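This one's a predicted model, so the numbers in the text were calculated from it and none came from an experiment.
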Protein chains: 2
Amino acid sequence: MTEKQEKILSVALKLFAEEGFSNTSTSKIAKEAKVSEGLIFKHFKNKTGLLDAVVSQGTKGFERMFEEIASKKSPQEIVWGFIEMPYQILKKDPTFWKLQLSLKYQSPEIAERYKNSSTLQKAHELLNATFTELGREQPVMETQLLMQIVGGLFSSLPELPENERQQLVEFIKSKY
Amino acid sequence: MTEKQEKILSVALKLFAEEGFSNTSTSKIAKEAKVSEGLIFKHFKNKTGLLDAVVSQGTKGFERMFEEIASKKSPQEIVWGFIEMPYQILKKDPTFWKLQLSLKYQSPEIAERYKNSSTLQKAHELLNATFTELGREQPVMETQLLMQIVGGLFSSLPELPENERQQLVEFIKSKY
DNA sequence: TACATTAGTAAGTGATTACTCACTTTTGAT
DNA sequence: ATCAAAAGTGAGTAATCACTTACTAATGTA
């Protein structure tokens with residue numbers, strides 16, 4: 001990948017996340033990346049293709065982190081690893097995560113295109129197995145609740161100051 | 001308010017919620033509402049003014065529900081009322097709620113404009129008092145956790161089928 | 001060194017955007 | 001009935017949109 005290509009990707013990520021996809025024009029991206037607008041279409045075909053590239057680049061890190069958690073040994077560690085995930089992801093790549101959150105609300109086509117499928121599915125199954133192993137009475141409901149708590153963390157943590165983030169995560173961990 | 005004015009508002013709500021604000025053109029709204037495009041600007045000054053009107057109309061119902069919960073007697077009822085809130089709001093006005101969720105991700109100006117301030121603040125204080133009254137060891141953290149759970153419910157419930165929604169809400173209530 | 005491929009540019013394209021303006025129709029109070 | 005204010009229209013406006021085209025510069029390989 002060329003320097004300019006990488007610059008386009010990083011600028012697009014930043015603008016898509018901060019200003020919204022439909023609110024970010026290709027000319028704005030080109031200007032900020034100090035590149036001719038035509039180059040964007042040379043490399044990424046169209047605006048959606050650019051978004052595709054941005055998302056698939058960012059998704060890699062996310063999947064890597066999930067695999068790491070899933071490979072842990074004890075059920076306790078798995079649950080705790082799960083609760084910490086939003087905090088870790090946010091620390092690692094806050095901009096990409098904001099983009100990820102926003103995709104659902106841009107347009108029906110985009111929402112459909114990036115509907116988080118396989119990783120979320122795997123997470124669900126892993127948690128079900130873990131809660132069963134832990135001997136919980138209603139493992140399915142426990143999974144749903146934890147998925148929901150973690151999902152909520154993803155959208156609420158960005159607005160909290162660093163120390164409160166850690167506090168909240170530790171408090172939730174203490175409940176499991 | 002005239003019939004056409006109401007039609008504009010309802011069509012705008014629907015389109016803003018389903019397709020996103022910047023992705024919905026005023027001409028599209030006019031067409032779907034069977035109204036001349038100029039009329040939108042007569043009544044609402046500009047596109048942002050239209051969004052203002054849509055939001056302030058929808059917010060009323062939301063505030064009414066909060067007041068109702070706050071006026072409950074026992075702390076137990078208040079906490080349960082809180083947990084049920086996303087379910088009730090979603091049942092009452094799912095389209096408006098989708099719009100509300102999306103506003104954060106449209107553009108910095110819009111996110112700033114509709115940053116949910118007063119009602120959320122009041123909710124925080126009410127829960128703090130309630131958890132203190134219930135004699136919890138860390139009422140502030142309990143508040144933050146519950147606010148976060150309820151916030152998560154707001155964004156996750158829409159994707160669940162009706163029966164699972166109720167199940168999840170009841171399960172969370174059973175933990176309090 | 002020759003040459004094909006890729007990277008990159010600048011100036012366009014038609015379509016669509018939010019918004020305005022000059023105008024007509026409807027309404028409600030006297 | 002009169003008439004001003006409000007409701008409503010439809011054809012504009014300049015600016016911006018995603019995208020294309022015709023071109024040059026750089027690069028790697030034989």
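Taking 4.0 angstrom as the limit, A:S27 places none of its side-chain polar atoms (N or O) nearer than this to OP1 or OP2 of D:dA18. Between A:K47 and D:dA18 there is a side-chain polar atom (N or O) within less than 4.0 angstrom of OP1 or OP2. For D:dG8, the OP1/OP2 oxygens have a side-chain nitrogen or oxygen of B:H43 closer than 4.0 Å. Note on B:T26: a side-chain N or O is less than 4.0 Å away from OP1 or OP2 of C:dA18.
Atom CG of A:L50 and atom P of D:dA18 are 11 Å apart (whole Å). If you measure from atom NZ of A:K31 to atom P of C:dA10, you get 14 Å, rounded to the nearest angstrom. Following rounding to the nearest Å, A:K42 (NZ) and D:dA26 (P) show an atom-to-atom distance of 15 Å. Rounded to an integer number of Å, the gap from CZ of B:F41 to C1' of D:dA11 is 15 Å. Spacing between atom CD of A:E3 and atom P of C:dG8 amounts to 9 Å, rounded to whole angstrom units. For the pair B:F44 CZ and D:dG8 P, the interatomic distance rounds to 10 Å; values are reported in whole Å. Between B:K4 atom NZ and D:dT9 atom C1' there is a gap of 9 Å when expressed in whole angstrom units. Following rounding to the nearest Å, B:N46 (CG) and C:dT17 (P) show an atom-to-atom distance of 17 Å.
Residues B:L168 and B:L153 approach most closely at CD2-CD2, 3.9 Å, considering heavy atoms.
Summary for the helix from C:dT1-D:dA30 to C:dT30-D:dA1: the axes at its two ends, each from 5 pairs, differ by 10° when rounded to the nearest 10 degrees.
No side-chain heavy atom of A:F44 sits under 4.5 Å from any side-chain heavy atom of A:D52. Contact annotation: the side chain of A:Q167 never approaches that of A:N163 to less than 4.5 Å [non-hydrogen atoms, C-beta and beyond].
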Can you list, pair by pair, the side-chain donor-acceptor contacts under 3.5 Å of residues 73-87 of chain B, counting residues two or more places apart and other chains?
unit_1, atom_1, unit_2, atom_2, d
B:S74, OG, B:E77, N, 3.1
B:S74, OG, B:E77, OE1, 3.4
B:Q76, OE1, B:W80, NE1, 2.9
B:E77, OE1, B:S74, N, 3.4
B:W80, NE1, B:K173, O, 3.2
B:W80, NE1, B:Y176, O, 3.2
B:E84, OE2, B:K173, NZ, 2.4
B:Y87, OH, B:E162, OE2, 2.4
B:Y87, OH, B:Q166, NE2, 3.4

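Within the 3.5 Å criterion, the main-chain N or O of A:F131 finds no donor-acceptor partner in the side chain of A:R136. In terms of modelled atom types and a separation under 3.5 Å, the side chain of A:T24 and the main chain of A:L15 share a donor-acceptor contact. Here the side chain of A:Q148 pairs a donor or acceptor atom with the backbone of B:I149 at under 3.5 angstrom. Remark: side-chain polar atoms of B:S102 are not paired, donor with acceptor, to backbone N or O of B:G20 under 3.5 angstrom. A donor-acceptor pair is defined here as one N or O able to donate and one able to accept, closer than 3.5 Å; such a pair exists between the side chain of A:K47 and the backbone of A:F21.
Here D:dC19 is the nucleotide among D:dC19, D:dT9, C:dA10 with the atom lying nearest to any side-chain atom of A:E37.
Where B:K28 and A:L39 meet DNA chain C, the nucleotide closest to each residue was compared, and A:L39 sits on the side nearer the 5' end.
Within residues 5-25 of chain A, the residues having any heavy atom under 4.0 Å from DNA chain D are, by residue number, A:T24, A:S25.
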